Amino acid sequence: MKLLLIIETAVLLLLLALLLRRRNRPAPPDAASSIDRERDEHLKLALWGSGEHFWDYDLKLSRLTLIQPDDSPTLAHMLPSIHFDQSLNQLPPVHPQDEALVERRLHDHLQGRTDLFISEHRIDPQNNGNWIWVRARGRVVERDQDNHAVRMAGTVRDITANRHADAERRIASEVLRSMSEAVAVLDQDFRFVAVNPAFTRITGYSDMEALGKPIAILDSEHDREHQERSRQDLADRPQWQGNVWMANRNGQEILCHIKHNAVFDSNGKCSFRVVVLSDITEQKRAEQELRYLANYDALTGLPNRSLLAERLAEAILAARQDGSYIAVLFLDLDRFKDVNDSLGHAVGDRVLHAAAERVQQMIGSQHTVARLGGDEFTVILEHLKSREEATGTAQRVIEAFSKPLFFGDHREISVSISIGISLYPDHAQIPTDLLNHADTAMYHAKSAGRRTWQLYSPQMDETTQHRATLANSLRRVLERDELKLVYQPRYSLVRQRAVSVEALLRWRSDEFGDVSPQQFIQLAESTGSILDIGEWALRQACLTLRRWQQLGLNDFNISVNVSAVQLQRGDLPGTIERILGETGVPARNLELELTESAVMANFERNASILSACREIGTRLSIDDFGTGYSSLAYLKRLPITALKIDRAFIGDLIRDPDDEAITTAIINMGHALALTVIAEGVESFGQLRFLQNRRCDEVQGYLVSPPQEEARCLEYLIRSPKPGEYRPG
Ligand code: C2E
Ligand code: MG
Ligand code: MG
């Protein structure tokens, strides 16, 4: 390198010397002048060809002489002319940032510390703010007697374009280094020629390991064939992008997004391929997770409503083509709310999970089972040849639920299920209608006594319509004065006489005639009108008792049914206190009847409301006991005074040993908790005797007396007949 510089400088100095001589010397004789001319030509050509400019600096005069070839050689000569008129009295300004450096380098050279003055710096040749980069080289060519440098000469070259290209290269390589995507350059044979640090981070291969190896080192095992094929495709295509499974150095699968670009040389031949890889494994996993969350129920892992709708739409398309039936089954666990309320939501969730498994097992994996939320499941049965296949499957599911569900820790629970069925193409053609119809049919299965299935029929919609008009008319029931109370006595087996009456609501509607309490109370609860109706019943019951007390019947209590909605939404203690105050009935003569499920829903809050009622002095009983899921631990914490055994157990006494055992157990348990135990729905002497033997405290039922109007009940109480003696007129 150094040698080259010396030669180069020597040549230039020689050229310079020749030029100077030519300038100073008188014209030579002809022969010599032709040699000079020739040399002159050579000099011009050399300078022009090298792209360098020559400079000569007189240090004493501070004068710079520049010799530069004419940039625009005329075509006629194809040779540049050389100017000598570039004598400058002033050096072109050096960029302020480079000034100190240039000065130091010059100084070092003049002091003899460097053989050659070399400097790359910016100057402004035109002094107009256009800075260019130059590379100047030169040395001292003349010294005075004191050995002081008096003259320097050398070359200078505009390197602005090179500097820009260098800067671009530096930026590009810095960008590659800091990129998060892996970048690899491959040769025509798909072998690595260069890789960046991200490549190492993503694939695990260092540049030393990768260079020279084929890209096939990244092939993943189970996608090899496809990868080879796609490489073949790549060879024909200059640009390509897509997702490919690859394996990293540890053999771990990574999903990569790949961008491939072929780089062509000037002959149009592909010389390199640039491959940019980004690892999207995590992103894909997150996407899959999101898709899962959007389409599946987290609790049971079953498809959710949106996936169900999608599958149903697909099933309809398929059925349209092959002429088969589709059945939509709407399944609802019976009284699941009670399970949740009494055993807690954690247990409820496990029961739902077990129920989902049982349904899927029964239905088979070829059909879709989805959970729409709560305790509702939907099944799509596809490719059915007959309608009976649908009802048969529904029946099998119901029977499958006759065995208890297991939900961990050897715990089990019996839950029954009600099913509504709609059929394609019989009942509807579109998913939403099929689902709605199956839902309607399910409600009818519930009303038909639960643990059964119902096939949709258009009349069911009329019933639903009827329900809506009924609810509407129920809202005005009080202002129309269509409600009344009837009273059913409770007979004490100990005191051998009636001791209390239960007030029961009756609705005779102008539009619909007599509507049963089972029907309208549930409706009033769902519309919220039970709050007003319940308060009305409480007030009427107290007014009746007050009238009886004024007639001297002081030894009777009255019990009033209270709905769960009144517990949840109304101010029950406040209402009771107000009504007792208004009517003058002593609190001890009023008993509130609440069902197990009403109390168990939101137990803590209800327990404190009931305590407030108890503090006022009213009695509290648990109605329909044995049908819900009360836990004894909870029961003990409630301030209750009585248990009413549900008439479902009493009805089968004498016939069913199980019901006898349950009834006996409830009586014993009630007594152990110091509670009065009442048997509801007593209709026969056989039942009465059984209850008497088991020391049940009180009985209520048609054997004693059916519910009666106020005047008739008063008559009954005054006559006080024994069970079986009373015959209503
Ligand atoms: P409940 O509180 O368990 O009332 C006892 C039900 O058993 C009454 O039905 C009564 O007529 C019926 N019953 C009485 N003795 C016998 C019998 O020997 N055999 C049979 N098979 N049934 C008997 P009802 O009057 O139809 O009332 C049904 C339910 O409606 C009541 O069950 C109660 O839960 C609710 N209910 C009635 N009145 C009200 C009220 O004012 N408020 C609230 N929230 N619910 C009420
Ligand atoms: Mg009751
Ligand atoms: Mg009851």
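Indexing begins at 1, ligand by ligand and atom by atom, following the structure's order. None of the values given here were measured: they were computed from a predicted structure.
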Exercise for review: Please report the closest heavy-atom contact between V677 and D697, naming both atoms and the distance.
Suggested key: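 Taking V677 first and D697 second, the nearest heavy atoms are N-OD2, 2.7 Å.
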
Check your understanding: Where do V486 and P707 come nearest, in terms of heavy atoms and distance?
Key ->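 Closest approach of V486 to P707: CG2-CB, 3.6 Å.
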
Review point. Taking R619 for the side chain and R588 for the main chain, is one N or O donor matched with an acceptor at less than 3.5 Å?
Key: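 Confirmed, R619 side chain pairs with R588 backbone.
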
Check your understanding: Going by atom types only, do E502 and Q700 share a side-chain donor-acceptor pair under 3.5 Å?
Key ->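 Indeed, the side chains of E502 and Q700 share at least one donor-acceptor pair under 3.5 Å.
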
Point to revise | Donor + acceptor pair across side chains of T595, D623 (<3.5 Å) | key: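 No - no donor-acceptor pair under 3.5 Å links their side chains.
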
Check your understanding: Are E525 and ligand 1 in contact, using a heavy-atom cut-off of under 4.0 Å?
Key ->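 No, E525 has no heavy atom closer than 4.0 Å to ligand 1.
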
Check your understanding: Hey, does S516 sit under 4.0 Å from ligand 1 if you only count heavy atoms?
Key ->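 No heavy atom of S516 comes that close to ligand 1.
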
Point to revise | the Mg ion (ligand 2) - name of the N/O/S atom of D623 that sits closest to it | key: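 Atom name of the closest N, O or S in D623: OD2.
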
Exercise for review: Would you name the N/O/S atom of E593 that lies closest to the Mg ion (ligand 2)?
Suggested key: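 Relative to the Mg ion (ligand 2), the closest nitrogen, oxygen or sulfur of E593 carries the name OE1.
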
Review point. CZ of R450: more than 12 outside heavy atoms within 6.0 angstrom?
Key: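 Result for CZ/R450: enclosed.
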
Point to revise | Greater than 12 external heavy atoms within 6.0 Å of R695's CZ | key: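 No, because the 6.0 Å sphere around CZ of R695 holds 12 heavy atoms or fewer from other groups.
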
Out of [options], who gets a non-hydrogen atom closest to [atom]?
atom: atom 1 (P) of ligand 1; options: V699, D623, L538, I650; value: D623
atom: atom 44 (N) of ligand 1; options: S684, G651, S563; value: S563
atom: atom 43 (C) of ligand 1; options: V682, L703, N561; value: N561
atom: atom 18 (O) of ligand 1; options: W507, Y702, W536, F520; value: Y702

Residue [X] vicinity, atoms of ligand 1 by number, heavy atom under 4.0 Å:
X: R647; value: 5 (C), 6 (C), 7 (O), 12 (C), 20 (C), 21 (N), 22 (N)
X: E680; value: 3 (O)
X: Q488; value: 14 (C), 15 (N)
X: D624; value: 3 (O)
X: P517; value: 24 (P), 25 (O), 26 (O), 27 (O), 30 (O)

Practice item. Indicate yes or no: at least one non-hydrogen side-chain atom of R371 is less than 4.5 angstrom from one of L299. Key: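 Contact flag for R371/L299 side chains = yes.
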
Region of [X] engaging ligand 1 - heavy atom pairs below 4.0 Å:
X: Q700; value: neither
X: L505; value: both
X: T595; value: neither
X: P707; value: side chain

Check your understanding: Is R480 paired with D510 through a side-chain N to carboxylate O contact shorter than 4.0 Å?
Key ->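 Looking at R480 together with D510, the answer is no, because their closest N to O distance does not fall below 4.0 Å.
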
Check your understanding: Parallel, tilted or perpendicular: which describes the rings of Y456 and H437, with under 30° parallel and over 60° perpendicular?
Key ->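 The rings of Y456 and H437 lie parallel, inter-plane angle below 30°.
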
Practice item. Could you say whether the N/O atoms of E502 and ligand 1 ever approach to under 3.5 Å? Key: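 Right, the criterion is met.
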
Check your understanding: Could an N or O of ligand 1 be found under 3.5 Å from any N or O of Q566, whether backbone or side chain?
Key ->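 The answer is no, given that Q566 and ligand 1 share no N or O pair closer than 3.5 Å.
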
Point to revise | Apex the Mg ion (ligand 2) - arms OD1 from N561 and OE2 from E502 - angle rounded to 10° | key: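 The angle at the Mg ion (ligand 2) comes to 90°, rounded to the nearest 10°.
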
**Study point:** Option passing salt bridge (Lys or Arg N to Asp or Glu O under 4.0 Å) with D514 (candidates K484, R506, R508)
**Key:**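 Filter result, single survivor: R508.
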
Exercise for review: Take F330 and W453, measure what ring-ring contact (aromatic ring centres under 6.0 Å, His included) needs, and give me the verdict at the end.
Suggested key: CA-CA 9 Å; F330 213 97; W453 56 265; over 10 Å; no

